[in-house]
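Before any comments, here is the structure.
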Amino acid sequence: MANFTTDASQAYQRLGVKPIINAAGSVTKYGGTRTRSEVLEVMAGAARIMVNVEDLNRKAGEEIARLTGAEAGFVCSGAAGGLVLQAAACIAGTDPVKMRQLPDTTGMKDEIIIQNMHRFPYEQAYRAGGGKLLEIGDSRYSHPWELEGAIGEKTAAVAFLCAPMTNRRAIPLDQVCEIAHSKGVPVIVDAASMLPPRANLRKFLSQGADMVSYSGGKGIRGPQGTGILCGRTDLIEAAAAHANPAQFLGRPMKVTKEEVVGLVTALSMFVEEDEEAEMRAYRALAEQVVDALSEVPGLKVTLEHDENDYLIPHAVLSFGPEWNGPSRNEIAKALEDGDPPIYLHMLGQPDELGVDPLNLTEEETETVVRRLREELTRR
Ligand SMILES: *Cc1c(COP(=O)(O)O)cnc(C)c1O
C-alpha cells in the first residue's frame, strides 16, 4: 500500500484524527468553515502557475478595493495577521530603517489606544507588530474625554473591536474616529467575524475607520488561513510593505499565491450571493433545533438573529431557574465526549448554549438534535 493517500477522509484517518461536528460557528479550533469548492478548485490550479507575487498582491488588492468600496486592499494571513500589519503600518509606515528595526520601536510613536471593553486575546497581535497598548476606560464606562486625553505624541493608532458579544457601552466607532482624526491619528478595526452580513464590508469604513481587518476563512468561506485588510491607500501600502514577499516583520505570516487567488474568488462569490436565501437556509436549520427541543420541560429554546450578537440565526438553549436537569457545562461536555464529538457555541450568557448552523449539514443538524435530546432528558 502506498504511504500516502489523496482521499481526504483517509488522510485524516491515517493520522488518527476523527471528524467532528462543528455547531460552534466559524471557530478556528473546530475547523473554521467549509472552504467553497470553487475556491479549492481554483487554488489547486493557481498553485502550479508561477506569477510575480508583488504584482499579484497589488492586483488582488485592487479587486478587494472594488468589492469593498475601500481605497485599497490587501490579502493578509488571517484577520489576526492583519492586526500585526495594522500595527506595523501605523508605527513604522514605509520607512525602511524603521521597518527593519521592528519589533523594537525605540524612537517611534508606538502607542495603540484601546478601550477596556475591547480588550481581547487577539490584542497580542498588536504587540507583536510593535504596539504598546494603552487602555482607557473600564468595563462599565469609557468617556470621549478619556480618549482625547490619551492621544499624544506617542500615539500610533486607536484600535477598535467590532465583534459579537462585545460590550456595547464603549465609545462608538464613528465618535472614536471623529476624535482620533481631529488629532491626526488613524483608527484600526478588527472586524474578523462580522461577515455576513455583507453590509458590514462597507459599514466600518463608512463610519470613518482607516483600516479594517476581516477573516477570509470565516463567513466568506475563503482559504481558512487568509484575511482581508482594506482601507486608506497609504496605510494599506505600508501594511503590504511589511508583508510577504518582502523580508520584513510580516514575512513569517506568508500568504501563498493560490491563497490570494482563492480569497479573491471567495470574496467575489460572497458579494454576489443572495443573503436572504443564505439566511433562510441557516434559519431553517436553527428552527429544526428549536422545534425539536421546545417540548423539553424547563428548557427555554429560542431562535436568535440580530445585527450584534447572532449574525447567523442560532438556536439558543437557556438553562434558567425552571431547569433541573444536567448543567449547561455538563451537557456541552457530554456532546464533546460523544461519538461523533459535537462542539456547540458557548459565547452567550453563562446559562446559554447555542447551535450555530453555519457549518452544519441537514444530517449533522439531525445528529446534534438527537444528541441534545439524549443528554437533556438524561436523569
Ligand atoms: C476570528 C477572530 C480573529 C482571527 O481571525 P483569523 O482570520 O482566524 O486570523 C481576530 N479577531 C476576532 C475578533 C476574531 O473573532
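Along the sequence shown, residues are numbered consecutively beginning with 1. Atom set for the values below is all heavy atoms of this structure, side chains included, hydrogens, waters and symmetry mates excluded. Both counts, for ligands and for their atoms, begin at 1 and track the order of listing.
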Pick out the protein N or O atoms lying less than 3.5 Å from any N or O of ligand 1, and list each pair with its distance.
unit_1: ligand 1; atom_1: 7 (O); unit_2: Ala79; atom_2: N; d: 2.8
unit_1: ligand 1; atom_1: 7 (O); unit_2: Ser215; atom_2: OG; d: 2.7
unit_1: ligand 1; atom_1: 9 (O); unit_2: Ala79; atom_2: N; d: 3.1
unit_1: ligand 1; atom_1: 9 (O); unit_2: Ala80; atom_2: N; d: 2.9
unit_1: ligand 1; atom_1: 11 (N); unit_2: Asp190; atom_2: OD1; d: 3.4
unit_1: ligand 1; atom_1: 11 (N); unit_2: Asp190; atom_2: OD2; d: 2.6
unit_1: ligand 1; atom_1: 15 (O); unit_2: Lys218; atom_2: NZ; d: 2.8

Original post:
With ILVMFWY side chains joined below 4.5 Å, transitively, what does Met108's cluster contain besides itself?
Top reply: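 Grouped by the 4.5 Å side-chain rule, Phe74, Leu83, Val84, Leu85, Ile91, Leu102, Ile112, Ile114, Phe120, Tyr122, Tyr126, Leu133, Leu161, Ile188, Met211, Leu229, Leu235, Ile236, Leu249, Met253 form the rest of the cluster around Met108.
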**OP:** Quick one: name the residues clustered hydrophobically with Ile312, using the 4.5 Å side-chain heavy-atom rule over I, L, V, M, F, W, Y, and just say none if it's on its own.
**Re:**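 Members besides Ile312, by chain and number: Met279, Tyr282, Leu358.
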**OP:** Find the distance between CG (Asn167) and CZ (Arg119) and round it off to the nearest 0.5 Å.
**Re:**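 Rounded to the nearest 0.5 Å, the CG-CZ separation comes to 14.5 Å.
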**OP:** Determine, using ring centers only, whether His314 and His305 are less than 6.0 Å apart.
**Re:**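 Between His305 and His314, the centre distance exceeds or equals 6.0 Å.
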Subject >> With sequence neighbours excluded, residues passing side chain to side chain donor-acceptor pair (under 3.5 Å) with Ser182 >> reply: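 Side chain to side chain donor-acceptor pair (under 3.5 Å) check on Ser182 returns nothing, list empty.
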**OP:** With Arg198 as the cation and Phe270 as the aromatic partner, state whether NZ or CZ is under 6.0 Å from the six-membered ring centre and within 45° of the axis.
**Re:**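 Judged by the rule (NZ or CZ under 6.0 Å from the ring centre, within 45° of its axis), Arg198 counts as positioned above Phe270.
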